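To start, the structure under review is shown below, and the notes come after it.
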Amino acid sequence: MPRRAKRACRNAPEPDPEMPSGKRTKAMKTETSDKLVVEGGPSDSTKKAQAAKDCGNESSRYWLMKSEPESRMEKGVDVKFGIEDLKAQPKQTACWDGVRNYQARNFLRAMKVGEEAFFYHSNCKEPGIAGLMKIVKEAYPDHTQFEKGSPHYDPSSKKDNPKWSVVDVQFIRMTKRFIPLAELKVHHQAHKASGGPLENMALFTRQRLSVQPLTKGEFDFVLSLEDKKPS
DNA sequence: GCCAACGTTGGC
DNA sequence: GCCAACGTTGGC
């Protein structure tokens with residue numbers, strides 16, 4: 001599943017040939033269509049327009065990344081990885097592995113060092129935003145796709161052309177208070193009705209996407225909730 | 001290239 | 001545990 005990060009990998013992962021830019025197979029169809037800006041050639045205005053539409057603007061992006069804070073077994077492996085688990089890692093840094101959805105992967109590949117992301121707790125008692133982290137290493141191949149024992153093993157992925165990527169993230173801080181999904185949803189509904197920063201928030205408009213972009217407006221609004229009374 | 005069947009996500 | 005939403009697969 002495109003679910004979440006799991007165990008942290010080594011802090012200094014091996015260098016690896018990053019995605020060869022060759023052939024597009026049929027299976028890679030989706031990745032083409034929602035390929036992001038990132039290093040898109042200067043001539044590629046379509047991709048840029050697409051990315052602009054998805055993310056607001058290119059230079060300063062914000063992200064939301066989902067992970068499960070409660071134990072759940074998948075192929076005999078516990079996939080639990082909450083913000084406390086990130087905090088407990090060496091250097092409070094982990095690689096965000098296990099993403100198995102092309103669109104989410106493409107967002108991972110679009111991330112730049114220094115960009116900030118919300119750590120979102122999903123599939124749990126109280127879903128919502130728990131804290132902040134930042135990107136400390138840009139996309140490189142996800143080692144779990146080659147590990148037979150991993151719940152995220154992908155036998156169709158080849159070492160010389162890895163399908164799936166990770167980024168490294170580092171804990172910044174907890175949000176001043178937990179911001180529940182239910183509260184965000186109330187704002188989303190209100191903003192949808194009469195306008196406001198959360199009206200198009202991907203959390204609600206792209207339901208199952210585990211890695212998603214936020215506009216600065218969305219990011220700032222969510223952060224402003226920290227200082228407000230739980231509604 | 002369509003689309004039905006299937007599998008996964010994830011809130012409730 | 002249920003099930004709606006939606007991505008993926010594969011037959012044709």
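In what follows, every chain begins at residue 1, and chains take the letters A, B, ... in the order their sequences are listed. This one's a predicted model, so the numbers in the text were calculated from it and none came from an experiment.
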### Message
Applying a 4.0 Å non-hydrogen cut-off, can you work out what A:Tyr120 is touching in the nucleic acid: base, sugar-phosphate, or nothing?
### Response
sugar-phosphate
### Query
What integer distance in Å separates A:Lys163:NZ from C:dT9:P?
7 Å
### Query
Do A:Asn200 and A:Thr205 have side-chain atoms, one donor and one acceptor, less than 3.5 Å apart?
no
#### Entry: Separation of C:dG7 C1' from A:Leu209 CG (nearest whole Å)
11 Å
### A:Tyr102 side-chain proximity, nearest of B:dG10, C:dA5, C:dT8
C:dT8
### Message
Measuring only between side-chain heavy atoms, which start at C-beta, is A:Gln170 closer than 4.5 Å to A:Gln89?
### Response
no
### Query
Separation of A:Gln212 atom CD from C:dG7 atom P, in whole Å?
12 Å
### Query
What integer distance in Å separates A:His188:NE2 from B:dG11:C1'?
14 Å
#### Entry: A:Lys125 NZ to B:dG11 C1', straight-line distance once rounded to whole Å
14 Å
### Query
Rounded to whole angstrom units, what separation is found between the CD atom of A:Glu183 and the P atom of B:dG11?
16 Å
### Query
From B:dC12, B:dG10, C:dT8, pick the nucleotide closest to the side chain of A:Ser210?
B:dG10
### Message
If the condition is ring-ring contact (aromatic ring centres under 6.0 Å, His included), which residues does A:Phe204 pass it with, not counting sequence neighbours?
### Response
A:His188
### Query
Rounded to whole angstroms, how far apart are CD on A:Glu74 and P on B:dG7?
15 Å
### Task
Only counting residues at least two apart or in another chain, list the ones meeting side-chain contact (heavy atoms from CB on, under 4.5 Å) with A:Glu226.
A:Arg173, A:Thr175, A:Lys176, A:Ile179, A:Leu223
### Summary
Taken to the nearest whole Å, NE2/A:His121 to P/B:dG11 is 12 Å
### Query
Looking at B:dG11, B:dG10, C:dG7, which one has an atom nearest to any side-chain atom of A:Asn101?
C:dG7
### Task
Give the nucleotide from the list B:dG10, C:dG7, B:dG11 with an atom nearest to the side chain of A:Lys185.
B:dG11
